[in-house]
Protein chains: 2
Amino acid sequence: MVVRYELTDAETDRVFHALAAATRRDILRRTAVEEQSVSQLAADYDMSFAAVQKHVAVLEEARLVIKRAEGRERLVRADPTVIARVRALLAQYEDLWRGRIDRLDALLAEHPSSDSTERD
Amino acid sequence: MVVRYELTDAETDRVFHALAAATRRDILRRTAVEEQSVSQLAADYDMSFAAVQKHVAVLEEARLVIKRAEGRERLVRADPTVIARVRALLAQYEDLWRGRIDRLDALLAEHPSSDSTERD
DNA sequence: CTATCGTACAACCAAATGGTTGTACGATAT
DNA sequence: ATATCGTACAACCATTTGGTTGTACGATAG
């Protein structure tokens, strides 16, 4: 039995909110390709370092990126696990539309459930 | 050649923002299963009719739902096409992470492109 | 040791968000 | 004809968001 973590409503809110800004999506893309320090990221945007720092924090709270310390730098890298869960959630909406839903836990989609079986 | 509509940054912002609230995700689920009037939707939430109306408007502006008039009612139904595009976008982030990107248009992900080939 | 780099964080501000109530108006039911 | 239902929309308000600048502090370079 694979313990598949389900996102709560609040977590899902945070993830979609984090994805709802082009700068943050860009940061996600860049850190998906390669780990980047906050100042490396900040260098390419037309806003203050502190602003970029805040965008990274939003991504971090949504657990879309992970930050680790290396000397005085903070290296940011994308973590695809939450993205995968969100993709699965969106797929469920499409399945609902197609009338493809039969399993109860799919109907309960977003509502808290302890665990379920892996399929992906 | 399949004309595949790509979402602009602003459109993507709107879609993710629309998805970043549990009430709106619930409306999307309900209208994915069956067309619902605005007051049918509103009946089940602990907020004013006007508030629900606004949530529906946000979903509509993101083109996640379509509203049609039937007598004095406005019937809302989910439209899965934008969802599908967003799922594809998220899949690209995962692909970036896995180093699976080889085609140029995938690297340009979100940036405006006239058309591309269908694969889904 | 000192200067600087990378970061963290607080305070502040304008704009957007998410709720409310009130008014208006066409469609329907009596 | 009148009352009511379903909706639209404006005005208002508290909170959140997304930016700013300024200060502080550990890590590194000279």
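In what follows, chains carry the letters A, B, and so on, assigned in the order in which the sequence lines appear, proteins first and then strands, with residues in each chain numbered from 1.
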Report each atom pair, protein N/O against N/O of nucleotides 26-30 of chain C, whose distance is under 3.5 angstrom.
residue : atom : partner : partner atom : Å
C:dA27  : N3   : B:R72   : NH1          : 3.4

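The two residues B:H17 and A:A20 have their closest heavy-atom pair at N-CB, 3.5 Å. For B:I83 against A:L90, the heavy-atom pair with the smallest separation is CG2-O, 3.7 Å.
Considering only residues two or more places apart in sequence or on other chains, B:R24 meets the side-chain hydrogen bond (donor to acceptor under 3.5 Å, both in side chains) condition with B:H55. Residues passing the side chain to side chain contact (heavy atoms under 4.5 Å, CB included) test with A:A32 are A:A78, B:L96, B:W97, sequence neighbours excluded. Looking at residues two or more places apart in sequence or on another chain, you find a side chain to side chain contact (heavy atoms under 4.5 Å, CB included) between B:Q40 and B:Q36, B:S37. With sequence neighbours left out, the side chain to side chain contact (heavy atoms under 4.5 Å, CB included) criterion links B:E35 to B:R68, B:L75, B:R77. Under the side-chain hydrogen bond (donor to acceptor under 3.5 Å, both in side chains) criterion, A:R74 pairs with no residue at all, not counting sequence neighbours.
Contact annotation: A:Q53 side-chain N/O to C:dA8 OP1/OP2 distance is under 4.0 Å. Regarding contacts with the backbone of D:dA8, a side-chain N or O of B:R74 is found under 4.0 angstrom from either OP1 or OP2. The shortest distance between the side-chain N/O atoms of A:S39 and the OP1/OP2 oxygens of C:dC5 is not below 4.0 Å.
One can place CG of A:D26 at 17 Å from C1' of D:dG18, the figure rounded to the nearest angstrom. D:dA8 atom C1' lies 15 Å from atom CD of B:E73, rounded to whole Å. One interatomic measurement links the two molecules: CD of B:E61 to P of D:dA8, which rounds to 13 Å at whole-angstrom precision. Atom CG in A:L75 sits roughly 18 Å away from atom P in C:dC5 (whole-Å rounding). Between the CZ atom of A:R68 and the P atom of C:dG6 there is a distance of 16 Å, given to the nearest Å.
The stretch residues 48-58 of chain B participates, sequence neighbours left out, in no salt bridge (charged side-chain N to carboxylate O under 4.0 Å, His left out) pair at all. Screening residues 42-51 of chain B for side chain to side chain donor-acceptor pair (under 3.5 Å), with sequence neighbours left out, gives B:D26-B:Y45, B:R30-B:D44, B:R30-B:Y45.
Base-pair partner of C:dC12: D:dG19 (Watson-Crick or G-U wobble, both distances under 3.5 Å).
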B/S/- contact track for nucleotides 12-25 of chain C, protein heavy atom under 4.0 Å: -----SSBBB----
